[in-house]
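Data first, discussion second: the structure below is written as structure tokens.
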2 protein chains.
Amino acid sequence: MNKQIVHVPEPTLRRLPLYYHYLKTVLATGREAISCTHIGNDLNLDPPQIRKDLAYTGIRGMPKVGYQIETLLNSLEDFFGWNRIDEAFLVGVGNIGKALLKYEGFKRYGFKIVAAFDKDPTIVGQSFCDVKVLPIEKLPNLCSRMKIKIGVIATSENAAQEVADQMIEGGIRGIWNFAPAAIKVPEGVIIQNENLAAGLAVLSKKLQLLMQSGKFRQEVVK
Amino acid sequence: MNKQIVHVPEPTLRRLPLYYHYLKTVLATGREAISCTHIGNDLNLDPPQIRKDLAYTGIRGMPKVGYQIETLLNSLEDFFGWNRIDEAFLVGVGNIGKALLKYEGFKRYGFKIVAAFDKDPTIVGQSFCDVKVLPIEKLPNLCSRMKIKIGVIATSENAAQEVADQMIEGGIRGIWNFAPAAIKVPEGVIIQNENLAAGLAVLSKKLQLLMQSGKFRQEVVK
DNA sequence: TTTTTATCGATAAAAAAATATCGATAAAAA
DNA sequence: TTTTTATCGATATTTTTTTATCGATAAAAA
């Protein structure tokens, strides 16, 4: 009678942290239960969609009352395995790398960068937010010794594939890639590509359509 | 006979910058034309999908040869309006804000942050990458005077809505939101939410499933 | 206690996106 | 010149995701 492995749609996975973060803030106001209607109102989403998303975490709501916020938060933590902290390595301590190191919010999601690597000797040895930057050569060895399973790539495009190979060699199974490169990984390794330009592209296209549509007049006649 | 406004699927919009970036690097190698098969091979995507995506930009390929890379790049630039630089304002000069200021890559996408704002007096007056940080009070006025249409929000959750309101008041029509908040905007304003936790959630869930599936044995017997 | 109402859960329908198929065509090879 | 091959563009199919519908149920009100 063990829990069946169901496939969860990726859009749902992407929305769940949103609910989680929102529910944390609602809980802080002292409220104990909340309905999908209410969540949808605050988050600009349709209630049925929220209900469906939440159903994947295995939680049940109650008519007329909604969901127990605390139970719901626990369900989400269980669902993602955020109860135990996943330690991760970061490679590439440039702008994005530093921002990730400085970003406090990850701990909430059971994610913590425990070491950073770079090839630039002027950066190696420095510390950012208590994380020391080590020479890249030490990566594979440390990976396997510390049994790290998540790696973050924030290098330039050309370095990305090589870094990924070294990570995999060291036993890393999930790669969060911020480099604008298509990294190839063997089966059994998960790669999640993050691409800032994607969001910008969507915004700028929509904006362009809006401007063209004529609904918007830039000229303000004084 | 003007160009019809067709709806472009969002996943396509998100993939197009990927092709753009890739094609730039291929062009640099001296190659002149490329086929979808080739692109798909390098980018780990299915050729028919690439063909479909590229078709939205209005370009035509040629059997046996593929697409002219330079023409394709121009089509993409036209499509997104990357020929002229869009100036944007940034509010919130924390970790993410600074990373965005430092990020050089945006220029390629016709996007440039020309001024930054913060409410913290210790940050106001400082400069990051030639962008001066101004007091938040100056935002609405400067917006309309400079006719800025894109705003980037990198503030805390609680400040986000107020900042958005000020931006809209100043005439901003597109908001790129990095704050973990559900900002409400009137019709005629585009909001694009960026959420780092989303990508992390997808990665950690997939990784969790991988580990559970038993295909992966962590123990290495020496 | 009975009625009303909010809200859930499940199911169904619709829309969107990804994937596969296939004829057409241009270049290269025979 | 004819044949072959790579690759396109268009169409069709399948899958995925979103949106809508509706009966059931628990709490609150009458």
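Order of the sequence lines sets the chain letters (A, B, ...), proteins ahead of strands, with each chain counted from 1.
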Rounded to whole Å, CD of A/Glu10 lies from P of C/dA17 at a distance of 14 Å
Taken to the nearest whole Å, CG/B/Asp53 to P/C/dA16 is 17 Å
Taken to the nearest whole Å, CG/A/Asp46 to P/C/dA16 is 14 Å
Check the side chains of A/Asp53 and A/Gln49 for a donor-acceptor pair under 3.5 angstrom, ignoring hydrogens and angles. no
To the nearest angstrom, the CG-P distance between B/Leu54 and D/dC8 comes to 9 Å
B/Arg60 atom CZ is separated from C/dA24 atom C1', nearest whole Å, by 14 Å
Note: for B/Gly66 and A/Pro11 on DNA chain D, the residue whose nearest nucleotide lies more 5' is B/Gly66
Verify whether one side chain among B/Gln208 and B/Lys205 offers a donor that lies under 3.5 Å from an acceptor in the other. yes
Winner on side-chain proximity to B/Lys64, out of D/dA27, C/dA26, C/dA17, is C/dA26
When both distances are under 3.5 Å in a Watson-Crick or G-U wobble arrangement, the nucleotide paired with D/dA30 is C/dT1
(message) Quick check on C/dG9: is either OP1 or OP2 less than 4.0 Å from any side-chain nitrogen or oxygen of A/Tyr56?
(response) no
A/Glu10 meets the salt bridge (Lys or Arg N to Asp or Glu O under 4.0 Å) criterion, sequence neighbours left out, with B/Lys206
### Message
Is there, by distance only and without an angle test, a donor paired with an acceptor across the side chain of B/Lys52 and the base of C/dT19 below 3.5 Å?
### Response
yes
Separation of C/dA14 atom P from A/Gln49 atom CD, nearest Å, is 19 Å
Do the ring centers of B/Trp82 and B/Phe111 come within less than 6.0 Å of each other?
no
It should be established whether A/Arg15 places a side-chain nitrogen or oxygen under 4.0 Å from OP1 or OP2 of nucleotide D/dT18.
yes
>> Tell me whether the side-chain N/O atoms of B/Tyr67 come closer than 4.0 Å to OP1 or OP2 in D/dG9.
In response: yes
### Under 4.0 angstrom between A/Arg51 side-chain N/O and C/dG9 OP1 or OP2
no
Whichever of B/Met62 and A/Cys36 has the more 5' nearest nucleotide on DNA chain C, that residue is A/Cys36
